[in-house]
Amino acid sequence: MIDLKYLQNNFDEASVKLQKKGIDAPTLENLQTLFATLKNINAALEALRAEQNSMSKLFGQYMREGKDIAELKAKVDANKVEMIPLQQRAREAEEALHSVALSMPNFPDDEVPEGANEDDNVELRRVLEPRNFSFKPKEHWELAQSNGWIDFERGVKLAKSRFSVLRGEAARLERALINFFLDTNATKGFEELCVPFMNNSAMLQGTGQLPKFEDDLFKIEGEDLYLIPTAEVPLTNMYNDEILNQKELPVLMTGYTPCFRKEAGSAGRDTRGMIRQHQFDKVEMVAISHPEKSDEVFEMMVQNASDILTALGLPHRVMELCDGDLGFSAASTVDLEVWLPGQNQYREISSISNTRDFQARRAKIRFKDGKKNRFVHTLNGSALAVGRTVVAIMENYQNEDGSIEIPDVLKKYM
RNA sequence: AGAGAGGUGGCCGAGUGGUUGAAGGCGCACGACUGGAACUCGUGUAUGGGGCAACUCAUCGAGGGUUCGAAUCCCUUCCUCUCUGCCA
């Protein structure tokens, strides 16, 4: 949730920022008006309530003193009638404001490069040189076929399209990667958590998936539960509606979960192979940070994810997202893109975002700063997407005969 | 899933219609005592909104109702616990 007071006091500035995220001026003006209207109605209503309360208090006194209460009661009744339409208007204004405000994306940071889409993202650096192949490297689905690693057909049979089954060594590689990621994150101070894979709607609203992106989620029928699209949801919401002690910050959490996404709107993209599935494994990092420390924490998280790729010997590049490509909740995002020689391109394998206080406002995550309660900053990032790492290992570690090497750091896990 | 009990501030817990936003305790913060600590003592300590402030409004799981007035009464709903059933 954006800071509505900030919006009201710095409308032009806020408007420029949100236009980059595709919000037009009229929408924003509407929001501002709703906010101002609600404030006015509430002020009037509260004045009447105050009067009502003070008159009500007199009743006790009058009755003890044996005075007549008829006149007082008449006044109170009149006051009450006056409040009814205001209460109605306040309720309507509140609902309208709430629904608009929850659909408003986060402001991009000032330093975020400008741009329209992913083509305008800025490459910060490349790590490791792509290997020179003496043969034409194959795509992972070909290798999956010849090695019997991925059973696409039976995944579809068991569920539907965009599901798959890992078999034998591939399944063990998946498991090895999860362990390797979790262990590595632990050495950086992240506490490992094992969380529910379904969360309720309040939590999904807290991190920003609801109400706007319900179509991307798998909902459990007849329950207020959704399959999580990322561990960011349960991990961040661990502290939903809580007030942390400043000494506890930063809270660093990591966890492995499968992630479930309908991939609505992705029809026709990456239909082949395992790049885009309805279910995939991911190890996530989440940080709850003091607002003044979140940039530091962010850098640490990017470095950690990059180091993991380096340890696996996977060439990658570090991309800073332009404002037009930022997600709904993010104020700034760095993507790590791993080199896929079979596809001959870099593909996203990790996305690390600082949401500043955007999620904290929605999820009411605060910390005590002296006497005041302030919103924390929340950050999240993949370390790493497991399925895509399997794909990257397949393509980068393939031999001419189609066999696949296992990176050295993983050998003790397999 | 069936039966019963219950949901109050960071935690425990009192409170069945009128200065109760809520006793008491624990915890926490600050201060005193100490060489330093523990102990002890003193003070402070719910959240959110409006206002420069004094102050004021809302909130005792959530929603609705009764009443001049509700943490307290009524209805609906969610959740938790215990027992039974089922189950890894």
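All figures in this text were calculated on a predicted structure; none of them were measured in a lab. What's counted below: heavy atoms across the whole structure, side chains too, no hydrogens, waters or symmetry copies. Order of the sequence lines sets the chain letters (A, B, ...), proteins ahead of strands, with each chain counted from 1.
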Is A/D120 reaching over with its side chain to a backbone N or O of A/G324, donor-acceptor style, under 3.5 angstrom?
->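 Side chain of A/D120 to backbone of A/G324: no pair is present.
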Are any side-chain N or O atoms of A/E142 and backbone N or O atoms of A/E139, one a donor and one an acceptor, separated by less than 3.5 Å?
->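 Looks like yes, one N/O pair under 3.5 Å.
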Quantified in whole Å, what is the [atom1] atom distance between nucleotide [N] and nucleotide [M]?
| N | M | atom1 | value |
| --- | --- | --- | --- |
| B/A22 | B/A71 | C1' | 8 Å |
| B/A53 | B/C74 | P | 42 Å |
| B/U77 | B/A1 | P | 14 Å |

Compare the minimum distances between each of B/G50, B/U47, B/A58 and the side chain of A/R49, then state the nucleotide with the smallest one.
->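 Looking only at heavy atoms from C-beta outward on A/R49, the closest nucleotide is B/A58.
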Picking from B/C57, B/G48, B/C68, which would you name as closest to the side chain of A/V76?
->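 In terms of side-chain proximity for A/V76, the closest of B/C57, B/G48, B/C68 is B/C68.
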All pairs passing salt bridge (charged side-chain N to carboxylate O under 4.0 Å, His left out) where residues 259-275 of chain A contributes a residue, at least two apart =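 Output for this query lists A/E263-A/R276, A/D270-A/R276, A/D270-A/R347.
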Lys/Arg-Asp/Glu bridge criterion (N-O < 4.0 Å) met for A/R374, A/E292 |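 The answer is yes: the pair qualifies as a salt bridge.
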Between the base of B/G10 and the side chain of A/E242, is there any donor-acceptor pair under 3.5 Å?
->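 Under the 3.5 Å cut-off, the side chain and the base do not form any donor-acceptor pair.
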Pair partner, [N] [Watson-Crick or wobble, under 3.5 Å]:
| N | answer |
| --- | --- |
| B/G35 | none |
| B/G44 | B/C28 |
| B/A71 | none |
| B/A3 | B/U82 |

Within this structure, what is the [atom1]-to-[atom2] distance between [X] and [N], rounded to whole angstrom?
| X | N | atom1 | atom2 | answer |
| --- | --- | --- | --- | --- |
| A/N53 | B/C55 | CG | P | 17 Å |
| A/I243 | B/U45 | CD1 | P | 15 Å |
| A/L45 | B/C57 | CG | P | 12 Å |
| A/M55 | B/U67 | CE | P | 17 Å |
| A/I41 | B/A58 | CD1 | P | 17 Å |
| A/N240 | B/G61 | CG | C1' | 15 Å |
| A/F59 | B/G17 | CZ | P | 19 Å |
| A/N42 | B/G48 | CG | C1' | 12 Å |

Heavy atoms only, 4.0 Å cut-off, all strands: where does [X] land among base, sugar-phosphate and nothing?
| X | result |
| --- | --- |
| A/A50 | sugar-phosphate |
| A/D77 | sugar-phosphate |
| A/N373 | sugar-phosphate |
| A/K75 | nothing |

With salt bridge (charged side-chain N to carboxylate O under 4.0 Å, His left out) as the test, would you mind laying out the steps for A/D323 and A/K21 before giving the verdict?
-> CA-CA 7 Å; A/D323 46 25; A/K21 284 220 182 172; over 6 Å; no
Between A/K39 and A/S54, which is nearer to the 5' end of RNA chain B once each is assigned its nearest nucleotide?
->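 Going by which nucleotide is closer to the 5' end, it is A/K39.
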RNA chain B-proximal residues of residues 91-104 of chain A, any heavy atom under 4.0 Å =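 Within residues 91-104 of chain A, the residues near RNA chain B are A/R91.
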Reckon A/K73 has a side-chain N or O less than 4.0 Å from the OP1 or OP2 of B/G69?
->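 For A/K73, the contact criterion (side-chain N or O under 4.0 Å from OP1 or OP2 of B/G69) is not met.
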With sequence neighbours left out, write down each residue that passes salt bridge (charged side-chain N to carboxylate O under 4.0 Å, His left out) with A/D241, or none if nothing qualifies.
->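 So A/D241 forms a salt bridge (charged side-chain N to carboxylate O under 4.0 Å, His left out) with A/R366.
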Taking protein heavy atoms under 4.0 Å as touching, what does nucleotides 70-79 of chain B look like 5' to 3' if B marks base contact, S marks sugar-phosphate-only contact and - marks none?
-> ----------
Return the set of residues passing side chain to side chain contact (heavy atoms under 4.5 Å, CB included) with A/E94 (not counting sequence neighbours), or none when no residue passes.
->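 Partners of A/E94 by the side chain to side chain contact (heavy atoms under 4.5 Å, CB included) criterion, ordered by chain and then number, come out as A/L38.
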Partners meeting side chain to side chain donor-acceptor pair (under 3.5 Å) with A/R356 (sequence neighbours left out) |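 A/D109, A/S294, A/D295.
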